[in-house]
Number of protein chains: 2
Amino acid sequence: MNEKYERQMKKGVLDMLVLKLLKSEAKYGYQIIQEMKEKSEETFLLKDGTLYPILYRLEDDKLVVSKWSEAVGKQVPRKYYEITEEGKKTLDEIEDVWKRISDGVLRIMEG
Amino acid sequence: MNEKYERQMKKGVLDMLVLKLLKSEAKYGYQIIQEMKEKSEETFLLKDGTLYPILYRLEDDKLVVSKWSEAVGKQVPRKYYEITEEGKKTLDEIEDVWKRISDGVLRIMEG
DNA sequence: TCTTATACTTTGTATTACTAAGTATATTAT
DNA sequence: ATAATATACTTAGTAATACAAAGTATAAGA
């Protein structure tokens with residue numbers, strides 16, 4: 001029952017969180033999943049099947065670009081995702097939307 | 001572009017907000033729309049076509065019950081929606097989910 | 001050798017906010 | 001009287017996304 005609401009409430013915010021994590025530096029998929037888990041203190045536990053479609057969508061929208069890493073030794077090849085200028089701009093906008101909505105929720109829930 | 005994110009971010013929270021507004025007293029559709037608008041300071045501007053499907057869903061889930069008002073004078077008949085005990089319990093649970101998710105978002109966005 | 005972690009891809013499902021169109025009555029302004 | 005607006009509820013259809021699940025493949029450790 002609660003999972004239903006949890007899933008719905010996450011809609012829209014994951015794009016924002018992924019862009020935020022990429023803002024400091026380019027990262028690869030597994031790294032994003034780990035940071036999301038650690039920084040949110042276990043609240044955002046993404047499956048890879050959830051993250052990659054988000055990254056592909058962000059790439060289609062030109063908010064991120066991806067590059068395969070040079071083969072360094074025997075390292076499994078990694079695809080690094082880097083935020084674009086447009087991505088940074090969009091991140092700021094999405095953050096404003098989030099602030100406005102969470103403020104609105106607070107006003108109703110606490111009023 | 002932003003409308004897309006705004007719409008997604010509202011998913012899940014509208015049920016919570018409607019239940020919250022019904023917690024203090026039974027209300028009819030138009031009244032809910034007005035209170036949502038006022039209390040959220042223009043953030044949640046629901047169309048009737050958005051609200052009623054939510055109310056029907058809540059009713060299907062037995063979180064609210066509806067009663068048509070007695071015909072008082074020439075008043076247009078109104079359908080009052082009242083939160084159930086199960087609805088109150090679910091509201092508390094959804095609120096916990098919301099708090100956990102918004103805390104998680106904050107941790108990532110501010111850290 | 002087996003398990004686990006790393007790493008990316010694709011397909012399909014369930015859910016929900018919103019638009020739009022429809023029906024109908026009461027009140028207010030012209 | 002008439003027109004416009006506010007009130008009040010219903011239904012059908014669209015777009016978007018979190019997630020599960022299944023698949024492919026390599027590296028490291030027990």
Side-chain angles (χ1 to χ4, degrees), chain A residues 1-18 27-37 40 43-61 64 66-69 71-81 94 97 101 104-105, chain B residues 1-18 27-37 40 43-61 64 66-69 71-81 94 97 101 104-105:
Chain A
M1 181 68 159
N2 290 18
E3 300 79 43
K4 187 183 74 170
Y5 286 104
E6 178 157 353
R7 184 189 281 211
Q8 292 302 325
M9 285 181 184
K10 285 178 178 171
K11 281 187 195 292
V13 307
L14 290 186
D15 281 22
M16 177 175 78
L17 298 180
V18 169
K27 298 186 169 92
Y28 56 96
Y30 202 81
Q31 190 180 7
I32 294 173
I33 290 171
Q34 294 304 318
E35 281 200 25
M36 194 80 89
K37 179 182 170 187
S40 73
T43 300
F44 291 97
L45 306 172
L46 296 197
K47 295 285 192 309
D48 47 5
T50 299
L51 176 66
Y52 290 109
I54 290 174
L55 289 170
Y56 304 153
R57 206 171 54 235
L58 293 176
E59 199 167 12
D60 282 343
D61 292 343
V64 306
S66 64
K67 273 176 236 164
W68 282 97
S69 62
V72 180
K74 302 218 165 183
Q75 175 60 58
V76 177
R78 291 167 171 170
K79 203 174 184 179
Y80 279 83
Y81 294 88
I94 303 177
V97 174
I101 288 183
V105 169
Chain B
M1 181 70 160
N2 289 19
E3 301 79 44
K4 186 183 73 170
Y5 287 104
E6 178 159 352
R7 182 188 282 212
Q8 293 301 324
M9 285 182 185
K10 285 179 178 172
K11 280 186 196 293
V13 306
L14 290 186
D15 282 21
M16 177 176 78
L17 298 181
V18 169
K27 298 187 170 91
Y28 56 95
Y30 202 82
Q31 190 180 7
I32 295 173
I33 290 171
Q34 294 305 319
E35 281 199 26
M36 194 81 90
K37 179 183 169 185
S40 74
T43 299
F44 291 98
L45 306 172
L46 297 197
K47 294 285 193 308
D48 46 5
T50 300
L51 176 65
Y52 290 109
I54 291 173
L55 289 170
Y56 303 153
R57 207 170 56 233
L58 293 176
E59 198 167 12
D60 282 344
D61 292 343
V64 305
S66 64
K67 275 178 233 163
W68 281 98
S69 62
V72 180
K74 304 219 163 178
Q75 175 62 58
V76 176
R78 290 167 171 170
K79 203 173 183 178
Y80 279 83
Y81 295 88
I94 304 177
V97 174
I101 288 184
V105 169

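Heavy atoms only: backbone and side chains are in, while hydrogens, waters and symmetry mates are out. Just so it is clear: chains get the letters A, B, ... in the order the sequence lines come, proteins before strands, and each one is counted from 1.
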Between [N] atom [atom2] and [X] atom [atom1], what is the distance in whole Å?
X       : N       : atom1 : atom2 : result
Y56(B)  : dC18(C) : OH    : C1'   : 15 Å
L55(A)  : dC8(C)  : CG    : P     : 9 Å
L51(B)  : dT16(C) : CG    : P     : 15 Å
I101(A) : dA17(C) : CD1   : P     : 11 Å
E59(A)  : dT10(C) : CD    : P     : 12 Å
D48(B)  : dA21(C) : CG    : P     : 14 Å
Q34(A)  : dT4(C)  : CD    : C1'   : 13 Å
D61(B)  : dT16(C) : CG    : C1'   : 13 Å

### Task
Summarise how protein sits on nucleotides 14-19 of chain D as a single string, 5' to 3': B when a protein heavy atom is under 4.0 Å from the base, S for sugar-phosphate-only contact, - for no contact.
--SBBB

#### Entry: Partner residues of Y80(A) under the ring-ring contact (aromatic ring centres under 6.0 Å, His included) criterion, sequence neighbours left out
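Y80(A) satisfies ring-ring contact (aromatic ring centres under 6.0 Å, His included) with Y28(A) only.
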
### Query
salt bridge (charged side-chain N to carboxylate O under 4.0 Å, His left out) with K67(A): which residues, sequence neighbours excluded?
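If we apply the salt bridge (charged side-chain N to carboxylate O under 4.0 Å, His left out) test to K67(A), skipping adjacent residues, the hits are E82(A).
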
### Query
Can you list every salt bridge (Lys or Arg N to Asp or Glu O under 4.0 Å) pair that touches residues 46-58 of chain A, not counting sequence neighbours?
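For residues 46-58 of chain A: D15(A)-R57(A).
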
### Task
Can you sort out the partners of Q31(A) under side chain to side chain donor-acceptor pair (under 3.5 Å), two or more places apart, ordered by chain and number?
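Q31(A) satisfies side chain to side chain donor-acceptor pair (under 3.5 Å) with no residue once adjacent residues are dropped.
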
### By side chain to side chain donor-acceptor pair (under 3.5 Å) - contacts of K11(B) (at least two apart)
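Expected list: none.
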
### Task
Evaluate whether atom NZ of K37(A) has more than 12 neighbouring non-hydrogen atoms of other residues, nucleotides or ligands under 6.0 angstrom away.
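Atom NZ in K37(A) is not packed in, count stays at 12 or less.
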
### Query
Can you tell me if the side-chain N/O atoms of Y52(A) get under 4.0 Å from OP1 or OP2 in dT9(C)?
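Result: no.
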
### Query
So do Y81(B) and L58(B) actually touch side chain to side chain, heavy atoms under 4.5 Å?
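No - every pair of side-chain heavy atoms lies 4.5 Å or more apart.
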
Using a cut-off of 4.0 Å on non-hydrogen atoms, how would the nucleic acid contact of [X] be classed: base, sugar-phosphate, or nothing?
X      : value
Y28(A) : sugar-phosphate
Y81(A) : sugar-phosphate
F44(A) : nothing

